[in-house]
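Right, one structure below, let's go through it.
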Amino acid sequence: MGEAVIFLGPPGAGKGTQAARLSEELGFKKLSTGDLLRDHVARKTPLGERVRPIMERGDLVPDDLILDLIREELSERVILDGFPRTLPQAEALDELLKETGMRLLGVVLVEVPEEELIKRMLRRAELEGRADDNEETIRRRLEVYREKTEPLVRYYEERGVLRRVEGLGTPDEVYARIRAALGI
């Protein structure tokens, strides 16, 4: 039976960094839906051809296509980064995990105070030359994140699988907290 870990947290919390490390050190396959979609589009797969026009319009790829993508990519141990983003996606993912016999090890919620997130994202924008990432846009992204994610936090909390992890400190300290929270 396979195992899955879901990473939740606001932009700038360090989810991607921590998911990548967990993937490398413990043999989890990291599934980032954005990366996977872009890869399918680039390779012109049947799925890529279906989602290309949707992505070019800037629309959200429908849940059924995202679930097809995840189903195709599931392996023995996976980390889901960037999915689910909505309650219907979480419910559909639960069904998919049940159907494939995957066990959810936990949902890691990396928590970082908003002012620290803004500092981190402004620093990243400066380093990466992202002119569109100013404080106003960052605050808006955080607001959208809160609106979309709060129901997911409650959903996973009610199921007893949510693991809150403090995202402040060195990357090593945060990583140790994540491993401890997951018991791995």
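In this chain, numbering begins with 1 at the start of the sequence shown. Atoms considered below: every heavy atom in the structure, side chains included; atoms not considered: hydrogens, waters and symmetry mates.
Pairs passing the side chain to side chain donor-acceptor pair (under 3.5 Å) check and including a residue from residues 100-111, sequence neighbours excluded, read E3-R103, E111-R164.
When the side chains of ILVMFWY residues are joined at heavy-atom separations under 4.5 Å, either directly or via intervening members, L65 and L97 end up in a single hydrophobic cluster. Connection of V41 to F83 is established within a shared hydrophobic cluster, with ILVMFWY side chains joined at heavy-atom distances below 4.5 Å, either directly or through further cluster members. Transitive grouping of hydrophobic side chains (ILVMFWY, heavy atoms separated by less than 4.5 Å) keeps I138 and Y145 in distinct clusters. Transitive grouping of hydrophobic side chains (ILVMFWY, heavy atoms separated by less than 4.5 Å) brings Y175 and F7 into a common cluster. Hydrophobic clustering, with ILVMFWY side chains joined whenever heavy atoms are under 4.5 angstrom apart, groups V78 together with V161.
Note that CD1 of I178 is 12.0 Å distant from CD of E173, once rounded to the nearest 0.5 Å. How far CD1 of I118 is from CG of N134: 11.0 Å, rounded to the nearest 0.5 Å. To the nearest 0.5 angstrom, L142 atom CG is 6.0 Å from R146 atom CZ. Taking CZ of R71 as the reference point, atom CD of E99 lies at 4.5 Å (rounded to 0.5 Å). To the nearest 0.5 Å, atom CZ of residue R21 and atom OG of residue S23 are 12.5 Å apart. The distance from atom CG of L105 to atom CZ of F28, rounded to the nearest 0.5 Å, is 5.5 Å.
The shortest side-chain heavy-atom distance between P62 and I54 falls under the 4.5 Å cut-off. Put simply, the side chain of K15 does not reach to within 4.5 Å of the side chain of V108, judged on heavy atoms. Proximity of E72 to H40: side-chain heavy atoms (C-beta onward) are separated by under 4.5 Å at one or more points. The shortest distance between side-chain heavy atoms of I66 and L37 falls below 4.5 Å.
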Practice task
Show your working on salt bridge (Lys or Arg N to Asp or Glu O under 4.0 Å) between K98 and E95 and close with a plain yes or no.
Solution key: CA-CA 5 Å; K98 241 183 260 167; E95 287 306 310; 3.4 Å; yes
Exercise for the section: Go through L22 and L182 one step at a time and tell me if the side-chain contact (heavy atoms from CB on, under 4.5 Å) criterion holds. Expected result: CA-CA 11 Å; L22 202 62; L182 291 171; 4.2 Å; yes
Handout entry: Verdict with supporting geometry, R141 and V144, side-chain contact (heavy atoms from CB on, under 4.5 Å)
Key = CA-CA 5 Å; R141 283 173 58 202; V144 168; 5.8 Å; no
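Salt bridge annotation for E143-R140: present, with a cationic side-chain nitrogen under 4.0 angstrom from a carboxylate oxygen. Contact check on E157 versus R154 returns no salt bridge, with no Lys/Arg side-chain nitrogen under 4.0 Å from an Asp/Glu carboxylate oxygen. Salt bridge E136/R139: absent, no basic N to carboxylate O contact under 4.0 Å.
Within a 6.0 Å radius of CZ in R50, other residues, nucleotides and ligands contribute 12 heavy atoms or fewer. Enclosure of atom CD in E116 by more than 12 non-hydrogen atoms of other residues, nucleotides or ligands within 6.0 angstrom is indicated. Applying the 6.0 Å contact sphere to CZ of R77 captures more than 12 heavy atoms from other residues, nucleotides or ligands.
For P151 against L87, the heavy-atom pair with the smallest separation is O-CD1, 3.8 Å. The minimum heavy-atom distance between A90 and Y156, with the atom names listed, is CB-OH, 3.4 Å. For Q18 against P171, the heavy-atom pair with the smallest separation is NE2-O, 3.1 Å. Nearest heavy-atom pair across V174 and G169 is CG2-O, 4.3 Å. When all heavy atoms of L74 and M102 are compared, the closest pair comes out as CD2-CE, 4.2 Å. In plain terms, the two heavy atoms of I6 and L93 that are nearest each other are CD1-CD2, 3.6 Å.
By the 6.0 Å and 45° rule, R159 stacks over the aromatic ring of Y155.
Screening I70, D63, L152 for a side chain to side chain contact (heavy atoms under 4.5 Å, CB included) with Q89, the sole residue that qualifies is D63.
Proximity of a side-chain donor or acceptor of R177 to a complementary backbone N or O of E166 within less than 3.5 Å is detected. Without hydrogens or angle criteria, R163 side chain to V107 main chain gives no donor-acceptor distance under 3.5 Å. Side chain of K29 to main chain of E73: a donor-acceptor pair is present (N/O by atom type, distance under 3.5 Å, no hydrogens or angles).
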